[in-house]
There are 2 protein chains.
Amino acid sequence: MSSEQLASHGHTTAAQVRKDLSHFGSFGKRGLGYSIEELSVRLRAILGLDRVWQVVLVGAGRIGSALFEYPDFKMRGYDCVAIFDSDPEKIGVQWGTTTIHSSERLEAVIEQLDVDLVILAVPASVAQEIADRAVEAGVRGILNFAPVQIKVPDSIPVEDVNLVMQLEALSFKITRGGAGE
Amino acid sequence: MSSEQLASHGHTTAAQVRKDLSHFGSFGKRGLGYSIEELSVRLRAILGLDRVWQVVLVGAGRIGSALFEYPDFKMRGYDCVAIFDSDPEKIGVQWGTTTIHSSERLEAVIEQLDVDLVILAVPASVAQEIADRAVEAGVRGILNFAPVQIKVPDSIPVEDVNLVMQLEALSFKITRGGAGE
DNA sequence: CGCGGCTTGTGAAAATCTTCGCAAATGTAG
DNA sequence: CTACATTTGCGAAGATTTTCACAAGCCGCG
């Protein structure tokens with residue numbers, strides 16, 4: 001497949017595809033293009049997707065539940081090894097084969113299972129505290145659903161999921177007049 | 001509040017804040033900084049957040065449910081005026097004061113209520129079809145949770161929510177070594 | 001093997017974004 | 001009213017990203 005074809009699938013140009021890929025090495029064959037199979041394998045390795053990541057979910061509310069059920073996670077190599085919640089009603093409940101633990105045990109589990117990522121699906125008011133404890137316990141990245149800007153050391157990447165902001169981005173694009181992006 | 005202070009809240013610099021704001025006009029007072037109150041009002045107007053947006057939710061599964069319950073939506077001016085699902089079991093069920101309709105009625109409702117935005121919380125396999133119908137019916141923007149790249153006219157903005165990709169971004173940042181961003 | 005149609009990889013040019021630096025405002029204190 | 005300590009708005013300089021353009025490599029064919 002040529003860079004031209006690849007570009008048409010993403011939202012970009014042939015030159016951009018080639019530049020981006022050349023950043024990590026030389027994957028194509030001149031006159032032929034790129035082998036999807038080889039690209040897939042090499043990019044997976046570069047992106048760190050060629051292994052299983054240990055994830056814990058904090059917050060067993062609606063968002064947590066929706067996430068946990070989302071089949072793509074397991075399929076893409078994200079293994080949810082534990083769930084935490086502070087509600088005594090929920091503690092001990094099983095979701096599939098995973099049991100909901102008390103938030104108090106967060107540090108212990110992160111350390112014991114060498115957890116990589118925390119998914120924060122808790123109210124804004126406790127997000128920072130949980131984040132601090134998770135980082136302290138050695139977690140290496142955070143996916144944050146709470147609508148607050150959490151502060152962590154620079155060495156710990158955080159990805160924010162902010163649905164209101166995405167709706168607002170839509171509103172702006174519409175207001176500004178037409179054009180998508 | 002000075003641009004310096006504003007910058008420290010976001011993830012940016014004083015110069016950047018001033019440039020960005022100057023793009024839309026001249027909001028500050030020299031020697032004093034910016035009035036939070038005035039900034040808030042003026043930016044809301046620019047972003048199109050000073051009105052209520054009519055939203056419909058398509059897909060009453062777990063994600064749809066989590067979204068619908070999310071209190072911030074209503075508070076931020078996004079009014080979910082209808083829910084659709086193709087599952088006959090769900091049709092007619094009430095969520096709060098909103099009833100779940102058959103997907104067949106999508107076009108009728110969009111046209112009748114002059115709906116602005118569609119939230120697509122359906123399986124990937126039907127996302128494109130629903131999007132096409134919504135656009136045809138006159139919707140003006142799409143928030144897409146389905147893990148596919150949907151194609152719409154350039155004049156219709158689409159925001160994708162792709163949680164797997166955000167997890168993968170985290171994985172990459174960790175793999176690449178340390179630094180957040 | 002040599003030729004011709006393709007496509008990559010990559011410097012160099014063009015465009016865009018960010019930072020710098022400072023004149024012009026603004027308020028305060030004396 | 002004047003001197004002074006601030007802070008904006010903005011042109012210009014610097015940095016980064018994107019696009020262009022083309023030599024070099026690859027394949028198939030005769």
Side-chain angles (χ1 to χ4, degrees), chain A residues 1-47 149 151 154-155 157-160 162 165-166 168-170 172-173 175-181, chain B residues 1-47 149 151 154-155 157-160 162 165-166 168-170 172-173 175-181:
Chain A
M1 183 176 277
S2 70
S3 53
E4 196 79 52
Q5 289 170 283
L6 287 170
S8 76
H9 282 261
H11 228 265
T12 181
T13 65
Q16 193 66 64
V17 168
R18 295 207 298 278
K19 257 288 188 268
D20 288 354
L21 291 178
S22 78
H23 216 274
F24 293 112
S26 187
F27 305 127
K29 277 198 171 51
R30 302 185 179 207
L32 275 188
Y34 300 87
S35 149
I36 298 296
E37 175 59 21
E38 191 196 337
L39 252 198
S40 169
V41 169
R42 309 242 345 228
L43 288 182
R44 252 172 223 295
I46 290 165
L47 295 172
Q149 182 76 0
K151 289 200 183 65
D154 278 354
S155 58
V158 176
E159 282 283 318
D160 289 300
N162 192 325
M165 264 197 198
Q166 291 201 267
E168 291 179 348
L170 275 182
F172 173 54
K173 288 177 186 171
T175 302
R176 195 190 46 187
E181 112 197 61
Chain B
M1 184 174 278
S2 69
S3 55
E4 196 78 54
Q5 289 171 283
L6 287 170
S8 75
H9 282 260
H11 229 263
T12 182
T13 65
Q16 191 66 63
V17 168
R18 294 207 298 278
K19 244 321 173 237
D20 288 355
L21 291 178
S22 78
H23 217 276
F24 293 112
S26 188
F27 305 129
K29 277 201 172 48
R30 302 184 180 206
L32 274 189
Y34 300 86
S35 148
I36 298 295
E37 177 59 20
E38 192 196 336
L39 253 198
S40 169
V41 170
R42 312 248 337 233
L43 289 182
R44 254 173 223 294
I46 290 164
L47 295 172
Q149 182 76 1
K151 287 199 183 66
D154 278 354
S155 59
V158 176
E159 283 282 319
D160 289 300
N162 191 324
M165 265 197 198
Q166 291 201 268
E168 291 178 348
L170 276 181
F172 173 54
K173 288 178 186 170
T175 302
R176 194 191 46 186
E181 117 196 54

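Quantities reported herein were computed from a predicted structural model and do not represent experimental measurements. The figures that follow rest on heavy atoms only: side chains count, while hydrogens, waters and symmetry mates do not.
Closest to the side chain of B/S3, from the set C/dT8, D/dC10, D/dT8, is D/dT8. Of all nucleotides listed (D/dC27, C/dG11, C/dT18), D/dC27 comes nearest to the side chain of A/K29. Each of D/dC27, D/dC10, C/dG27 was ranked by its minimum atom distance to the side chain of B/R18; first place goes to D/dC10. Side chain of A/R30, nearest nucleotide from C/dT7, C/dT19, C/dA24: C/dT7. For B/S2, the listed nucleotide lying nearest its side chain is D/dT8; candidates were D/dT8, C/dT19, C/dT8. Closest to the side chain of A/T13, out of D/dT19, D/dG9, C/dT19, is D/dT19.
Residues B/L47 and A/T175 approach most closely at O-OG1, 4.0 Å, considering heavy atoms.
D/dC10 atom P lies 14 Å from atom CZ of B/F24, rounded to whole Å. The interatomic distance linking A/K19 (NZ) with C/dA14 (P) rounds to 15 Å, in whole Å.
Side-chain N/O atoms of B/Q16 include one lying less than 4.0 angstrom from OP1 or OP2 on C/dT19. Between A/Y34 and C/dG9 there is a side-chain N or O to OP1 or OP2 distance below 4.0 Å.
Atom CD of B/E4 sits in a sparse spot, with 12 or fewer heavy atoms from other residues, nucleotides or ligands closer than 6.0 Å.
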